[in-house]
Amino acid sequence: MAAPQPYGSIIGDGFWNNNQALVALLGLCPLLATTTSATNGLGMGLATTAVLVLSNVTVSLIRDLVRPEVRLPVFVLVIASFVTAVELTVQAYFYELYLVLGLFIPLIVTNCAIIGRAEAFASKNRVDRALLDGIAMGIGFTLVLVVLGGMREFIGQGTLFYQANLLLGEAATGLSLSLGEGFQGALIAILPPGAFIGLGLLIALKNVIDKRVKRRATVRAAKTAPAQTSSGGAVAPAAG
């Protein structure tokens with residue numbers, strides 16, 4: 001039996017190494033459709049995170065009670081139940097945001113990132129690790145939505161976190177930034193092509209960072225490794 005994945009590795013995978021939006025490329029339909037602003041991205045990200053955490057915990061709790069032949073229908077039923085609860089909550093307390101996100105909240109049921117984590121991780125790990133995986137994957141996914149939404153909103157409309165009060169209350173009105181009513185943004189940024197271009201740029205940026213980190217680690221390892229003799233043995237450090 002394989003050793004449980006360390007907590008630090010679970011967090012690292014969720015935020016960066018196996019980010020569901022930048023690496024696994026899962027859940028792209030709501031990601032591309034709802035990121036016309038940073039506020040929309042944050043709202044969809046929080047809703048997705050809530051479903052991901054709750055479904056991960058539930059699947060982990062019942063994993064020994066569900067027969068393998070029916071595990072996927074059971075997982076989908078669990079996810080659909082939590083999506084309904086989240087949808088009703090958003091409709092009750094954040095109605096304006098609910099109108100903006102519209103159909104994409106119930107479509108969280110079909111988010112491949114959630115069913116993927118239930119099948120690949122929660123069904124094979126204890127509750128504590130399933131909970132941590134849901135939180136890390138959800139936050140990593142949310143950050144991508146917020147950054148992509150912020151990019152598209154700022155370039156396309158010259159604003160940032162416009163109507164943040166719809167999600168965070170009147171106290172968040174001060175978070176909104178604007179370049180002025182006369183700003184002529186690039187319309188393509190808030191259209192579907194802008195979503196694909198923006199996501200592509202974020203993926204490219206991540207790959208560049210990963211390559212630089214790997215190159216530096218290789219150089220550092222080469223400098224600290226003991227010199228090798230032609231026969232493969234280590235050279236003893238010179239005296240004095």
Side-chain angles (χ1 to χ4, degrees), residues 11-52 90 94 96-105 107-108 110-114 116 135-169 171-213:
I11 296 174
D13 282 352
F15 277 86
W16 190 258
N17 299 323
N18 191 28
N19 187 289
Q20 297 298 281
L22 299 181
V23 179
L25 301 182
L26 297 176
L28 295 187
C29 290
L31 183 147
L32 296 172
T34 62
T35 52
T36 53
S37 72
T39 301
N40 293 352
L42 179 60
M44 177 55 70
L46 292 177
T48 305
T49 300
V51 175
L52 186 55
V90 175
F94 310 99
E96 292 81 2
L97 183 65
Y98 171 80
L99 295 178
V100 173
L101 297 180
L103 180 63
F104 291 99
I105 294 181
L107 281 181
I108 293 175
T110 63
N111 191 319
C112 298
I114 298 177
I135 295 174
M137 289 291 174
I139 294 177
F141 188 73
T142 301
L143 290 176
V144 176
L145 263 72
V146 173
V147 172
L148 180 58
M151 287 172 50
R152 297 178 64 191
E153 179 184 358
F154 191 76
I155 297 173
Q157 305 180 72
T159 61
L160 192 60
F161 281 107
Y162 178 67
Q163 293 184 328
N165 59 306
L166 297 181
L167 178 65
L168 304 174
T173 304
L175 292 176
S176 300
L177 301 176
S178 176
L179 295 180
E181 296 182 356
F183 177 78
Q184 298 293 327
L187 181 61
I188 190 173
I190 56 176
L191 294 178
F196 284 100
I197 295 172
L199 180 62
L201 291 175
L202 291 180
I203 294 174
L205 177 62
K206 181 187 183 302
N207 290 337
V208 169
I209 294 174
D210 284 344
K211 286 184 178 180
R212 289 191 176 184
V213 170

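Rounding to the nearest 0.5 Å places CG of N40 at 9.5 Å from CZ of R152. With values rounded to the nearest 0.5 angstrom, T110 atom OG1 is found 10.0 Å from F104 atom CZ. Here the CD1-OG1 distance, from I190 to T36, works out to 7.5 Å after rounding to the nearest 0.5 Å. In this structure, CG on L101 lies 11.5 Å from CZ on F94, to the nearest 0.5 angstrom. Of the inter-residue distances, the one linking I155 atom CD1 with L160 atom CG reads 11.0 Å to the nearest 0.5 angstrom. To the nearest 0.5 Å, atoms CE (M44) and CG (N111) are separated by 9.0 Å.
The main-chain N or O of L177 is never found under 3.5 Å from a side-chain atom of T159 such that the two would form a donor-acceptor pair. Within the 3.5 Å criterion, the main-chain N or O of G14 finds no donor-acceptor partner in the side chain of N18.
Considering only heavy atoms from C-beta on, C29 stays 4.5 Å or farther from L107 through its side chain. Side-chain atoms of L97 and Q163, non-hydrogen and from C-beta on, never get closer than 4.5 Å to each other. At a threshold of 4.5 Å between non-hydrogen side-chain atoms, the residues I135 and L52 do not count as touching. Using a 4.5 Å heavy-atom threshold, the side chains of L179 and F154 count as touching. Under the 4.5 Å side-chain criterion, counting only non-hydrogen atoms from C-beta, I203 is in contact with L25. The closest side-chain heavy-atom distance from E153 to Y162 is below 4.5 Å.
The two atoms that bring L199 and A21 nearest to each other are CD1-O, 4.3 Å, heavy atoms only. Closest approach of A189 to G156, counting heavy atoms only: CB-N, 3.8 Å.
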Distance-only criterion, 3.5 Å: show the donor-acceptor pairs between side-chain atoms of residues 137-151 and protein atoms not counting sequence neighbours.
{"unit_1": "T142", "atom_1": "OG1", "unit_2": "G45", "atom_2": "O", "d": "3.0"}
{"unit_1": "T142", "atom_1": "OG1", "unit_2": "T49", "atom_2": "OG1", "d": "3.0"}
{"unit_1": "T142", "atom_1": "OG1", "unit_2": "G138", "atom_2": "O", "d": "2.7"}

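Screening residues 190-206 for side chain to side chain donor-acceptor pair (under 3.5 Å) gives K206-D210 as the qualifying pairs, with residues at least two apart or on separate chains. Residue pairs meeting the side chain to side chain donor-acceptor pair (under 3.5 Å) criterion with at least one partner in residues 185-202, sequence neighbours excluded, are absent.
Within a 6.0 Å radius of CZ in F196, other residues, nucleotides and ligands contribute 12 heavy atoms or fewer.
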